[in-house]
Colleague: 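Take this structure, written in structure tokens, and hold onto it; I'll ask about it next.
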There are 4 protein chains.
Amino acid sequence: MARNAEKDQALREKRLNHLLDCALEVIAVKGIGAVSISDIAAAAKISVGNVYHYFKSKDEIFDEILKRGQTAYGEFVTHTASLDLPALEKLHLICSSWLSVRNHWAHTILIHSARLAETSLPGTRSQVTERFTRNLLPVSAIIEQGQREGAVIDGDPLELAFYLVSLIQGLTLQRVPGAEVQAPIRVDGVLKLLDKRNRI
Amino acid sequence: MARNAEKDQALREKRLNHLLDCALEVIAVKGIGAVSISDIAAAAKISVGNVYHYFKSKDEIFDEILKRGQTAYGEFVTHTASLDLPALEKLHLICSSWLSVRNHWAHTILIHSARLAETSLPGTRSQVTERFTRNLLPVSAIIEQGQREGAVIDGDPLELAFYLVSLIQGLTLQRVPGAEVQAPIRVDGVLKLLDKRNRI
Amino acid sequence: MARNAEKDQALREKRLNHLLDCALEVIAVKGIGAVSISDIAAAAKISVGNVYHYFKSKDEIFDEILKRGQTAYGEFVTHTASLDLPALEKLHLICSSWLSVRNHWAHTILIHSARLAETSLPGTRSQVTERFTRNLLPVSAIIEQGQREGAVIDGDPLELAFYLVSLIQGLTLQRVPGAEVQAPIRVDGVLKLLDKRNRI
Amino acid sequence: MARNAEKDQALREKRLNHLLDCALEVIAVKGIGAVSISDIAAAAKISVGNVYHYFKSKDEIFDEILKRGQTAYGEFVTHTASLDLPALEKLHLICSSWLSVRNHWAHTILIHSARLAETSLPGTRSQVTERFTRNLLPVSAIIEQGQREGAVIDGDPLELAFYLVSLIQGLTLQRVPGAEVQAPIRVDGVLKLLDKRNRI
DNA sequence: TATGAATGAGGTTTCATTCAT
DNA sequence: TATGAATGAAACCTCATTCAT
């Protein structure tokens with residue numbers, strides 16, 4: 001009668017991921033701050049009380065979403081950096097992915113909300129920031145590659161990476177549904193800011 | 001007529017401004033979303049109920065702060081644009097002002113929070129966005145001037161202005177107290193992204 | 001320089017009456033319970049604080065309005081009773097006045113609201129009831145006259161008066177603006193309930 | 001599945017009804033307008049917050065009580081109308097029930113309060129009035145029967161029903177605890193107003 | 001008398017979290 | 001695990017009344 005412990009664990013993992021997916025979805029729709037536990041529970045079609053069998057608190061849910069999102073982004077950037085491509089093409093891949101996928105949008109919102117809010121879990125903010133900083137490194141490496149290729153303007157690669165990512169995030173925030181700034185956002189346009197060649 | 005109507009009005013105006021200043025201050029410290037009316041009242045050293053003699057609702061307070069901040073910024077940018085200076089120097093003035101003054105920081109936070117939150121006042125979000133868009137125009141004019149001077153890279157001036165402002169805002173958000181990204185933010189570095197000459 | 005004390009008193013009386021008129025008006029529009037002191041002050045175009053120079057409390061205002069209304073009604077009924085007319089014509093006068101004049105409507109509402117609410121002034125309810133009961137007497141006298149004339153059905157005159165007035169009040173309540181019952185209210189119809197002759 | 005869904009639902013229904021009963025009780029004692037959610041919660045011996053698990057707002061509670069009361073009254077009147085009895089006896093049943101049962105009294109108060117107050121739920125007032133009007137129909141039918149029997153005076157049956165019900169309600173309002181009018185209320189006396197025979 | 005700012009108590013409502021089943 | 005009722009703290013807001021001018 002006893003279940004396989006391993007299988008149980010896998011099942012739990014799966015439900016947990018489902019819960020986080022639903023939470024992110026509902027955050028994207030209602031906006032963080034307006035999202036309650038019961039919203040999340042309803043989205044995942046489980047009961048309010050049951051949410052607490054998977055997470056200790058609401059903040060832990062947000063923490064987990066952030067961790068997942070930033071980790072996935074970090075892996076994507078690291079992988080992109082390792083490709084055999086010119087630097088500008090790599091950056092193009094990264095920027096267009098970031099600006100196009102809806103989940104990235106929600107994550108950006110969450111990252112900034114987590115920073116802006118007085119979240120109760122003390123570590124959240126510093127962890128978010130730390131992961132953010134760590135994720136700058138692959139981008140910085142790409143930029144360094146671009147400088148070696150003569151394709152990217154001079155300057156401290158980490159600083160430039162920081163500017164690029166901040167710009168992308170800034171642009172993402174201009175696209176909040178219901179408050180879209182009416183100005184074009186084009187990846188090519190953004191990358192020209194770093195492009196050394198077409199200036200002269 | 002034991003009171004002077006004109007003086008009363010001036011007094012009211014003064015107290016109202018004081019209240020808004022205190023509110024911005026406390027928002028800057030605690031972060032919007034964590035700020036309650038009683039926080040604001042305590043900061044201004046008046047009672048909670050009295051706040052409602054000056055504003056109909058919490059949202060109206062935020063609206064007013066936003067309006068004041070964006071209007072002041074708009075005037076500053078417009079004035080800067082009208083100076084008799086090279087474009088890059090004008091941009092330098094704007095960026096360093098924006099990145100250095102603490103109030104600007106709080107305003108940026110507020111602007112984004114107003115967008116991210118499901119605020120009840122229906123017009124808030126669109127008004128914020130509209131003012132934001134309008135404030136792009138003087139920056140765009142400066143960039144156009146810079147292109148005529150051969151100092152700024154080619155491209156649609158409004159688009160470039162949008163990128164510049166989004167970048168500044170993105171950077172501002174990386175400086176939330178308690179979550180500062182450990183990477184340098186230098187106005188000169190930022191402006192090199194637009195600088196045509198020192199690339200070649 | 002000193003004003004004439006008598007004139008002062010008259011002026012005060014006049015302002016006081018104006019205040020009460022305005023209060024009744026605004027109660028009629030907004031409904032009691034939704035009316036605040038500041039509503040009344042605004043209607044009378046004086047300041048909130050100044051209201052308290054004329055009345056000790058909100059309840060006292062209501063008390064006074066009720067007293068004025070019930071007293072005026074009592075005088076009207078007493079006067080009507082003293083006329084040299086058949087009883088049914090007297091009743092017709094009373095009923096049509098009651099059902100047609102708007103102020104009467106507001107007074108009826110007030111009377112019942114005063115009873116339904118836990119008003120703080122302890123005497124209010126009993127005073128309202130006492131005046132109500134006293135005002136039944138002239139109506140009762142008219143009914144007695146009608147019985148002597150053979151025009152009104154048999155029965156204790158006071159009891160019949162009580163029924164008639166309760167009926168009028170009940171009908172008045174069916175005419176609250178925004179919730180009017182769609183059924184005809186005709187004085188002739190009402191009086192047929194008391195009419196002895198046209199039945200047989 | 002540690003719980004039984006069907007049983008849960010029944011339990012909820014039961015608690016909900018209990019809550020409404022307690023609310024009506026406390027309204028009857030304190031008068032509507034003086035009743036707060038915490039009064040209702042205390043009467044039902046649950047916490048304030050928990051009230052909101054059953055009703056979205058205070059107004060919804062009032063709506064629900066009104067609906068229950070008017071519906072029950074409508075069923076009672078309809079049932080009475082269908083009995084095999086002389087019309088006057090049917091009317092006697094209805095009037096004495098209405099005048100004697102305490103709950104009816106509280107309901108009448110509520111009905112009128114709902115009309116007098118600027119309630120926030122927009123439909124409340126019109127719904128109350130609509131149900132009131134619909135509930136006139138069975139009474140009207142009884143009166144028509146009485147006219148065929150030669151027992152009830154002539155006139156539009158609906159109009160007479162309206163008068164009768166308004167009278168009953170008017171009398172009910174004279175019995176507010178603490179403000180009882182000292183005059184007899186006798187069902188026989190009331191019905192004589194409609195009685196054709198004992199006049200001549 | 002006249003003003004309206006100021007207060008403070010009280011009301012409604014929301015919601016993260018706990019708990020009995 | 002799973003449920004959703006229950007709690008309690010905290011938020012927003014209203015308003016009768018007082019008070020300094």
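Labels below follow one simple rule: chain letters A, B, ... track the order of the sequence lines, proteins then strands, and each chain is numbered from 1.
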Colleague: Between CD of C/E25 and CG of C/D39, what distance do you get to the nearest 0.5 Å?
Modeller: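 CG of C/D39 is found 13.0 Å from CD of C/E25.
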
Colleague: Give the rounded distance in Å between these two atoms: CD1 of B/I46 and P of E/dT7.
Modeller: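 So the CD1-P distance, B/I46 to E/dT7, works out to 7 Å.
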
Colleague: Considering only NZ, NE, NH1 and NH2 on the basic side and carboxylate oxygens on the acidic side, decide whether C/K56 and C/D63 come within less than 4.0 Å.
Modeller: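 Not counted as a salt bridge, because no side-chain N and carboxylate O are separated by less than 4.0 Å.
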
Colleague: F/dG4, OP1 or OP2 - any side-chain N/O from D/R12 closer than 4.0 Å?
Modeller: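 Answer is no, no contact under 4.0 Å.
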
Colleague: Any chance you could measure A/R131, atom CZ, to A/L66, atom CG, to the nearest 0.5 Å?
Modeller: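 Spacing of CZ (A/R131) from CG (A/L66) equals 6.5 Å.
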
Colleague: If I take atom OG1 from residue C/T129 and atom CD from residue C/Q70, how far apart are they, to the nearest 0.5 angstrom?
Modeller: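 Rounded to the nearest 0.5 Å, the OG1-CD separation comes out at 8.5 Å.
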
Colleague: What distance separates A/D21 CG from A/R68 CZ, expressed to the nearest 0.5 Å?
Modeller: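 Interatomic distance, A/D21 CG to A/R68 CZ, rounded to 0.5 Å: 4.5 Å.
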
Colleague: Output the distance between atom CZ (D/F62) and atom CG (D/L24), rounded to the nearest 0.5 Å.
Modeller: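 Rounded to the nearest 0.5 Å, the CZ-CG separation comes out at 10.5 Å.
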
Colleague: Report the distance from atom OH of C/Y54 to atom P of F/dT17, rounded to the nearest whole Å.
Modeller: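 Taking atom P of F/dT17 as the reference, OH of C/Y54 is at 18 Å.
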
Colleague: Taking atom P of E/dA2 as reference, at what distance in whole Å does atom CZ of C/F55 sit?
Modeller: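 Result: 13 Å.
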
Colleague: At under 4.0 Å between heavy atoms, how does the protein contact nucleotides 10-16 of chain E? Give one character per nucleotide, 5' to 3', with B, S or -.
Modeller: -SSBB-S

Colleague: Minimum heavy-atom separation for C/I40 to C/A23, with atom names?
Modeller: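 Heavy atoms only, the tightest pair is CG2-CB, 3.9 Å.
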
Colleague: Assign each of D/S47 and A/K45 to its nearest nucleotide of DNA chain F by heavy atoms, then name whichever residue's nucleotide is nearer the 5' end.
Modeller: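 Counting from the 5' end, the first nearest nucleotide belongs to A/K45.
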
Colleague: Sub-3.5 Å donor-acceptor pair from the side chain of A/K58 to the main-chain atoms of A/V35, do we have one?
Modeller: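 It does hold such a pair.
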
Colleague: Between C1' on F/dT1 and CD on A/Q9, what's the gap in Å once rounded to a whole number?
Modeller: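 Taking atom C1' of F/dT1 as the reference, CD of A/Q9 is at 14 Å.
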
Colleague: When the distance from NE2 of D/H18 to C1' of F/dA5 is rounded to whole Å, what number comes out?
Modeller: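 Taking NE2 of D/H18 and C1' of F/dA5, I get 15 Å after rounding.
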
Colleague: Using Watson-Crick or G-U wobble pairs with both distances under 3.5 Å, give me DNA chain E in dot-bracket, 5' to 3', with [ ] for crossers and | for pairs to another strand.
Modeller: .||||||||||||||||||||

Colleague: Would you say C/R15 places a side-chain N or O within less than 4.0 Å of OP1 or OP2 belonging to E/dA2?
Modeller: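 So the side chain of C/R15 is within the cut-off, an N or O lying under 4.0 Å from OP1 or OP2 of E/dA2.
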
Colleague: Just jot down the side chain to side chain contact (heavy atoms under 4.5 Å, CB included) partners of A/Y52, sequence neighbours excluded, or say none.
Modeller: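 Residues passing side chain to side chain contact (heavy atoms under 4.5 Å, CB included) with A/Y52: A/I37.
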
Colleague: From NZ of C/K14 over to C1' of E/dT1, roughly how many Å is that when rounded to an integer?
Modeller: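 Rounded to whole Å, this separation is 17 Å.
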
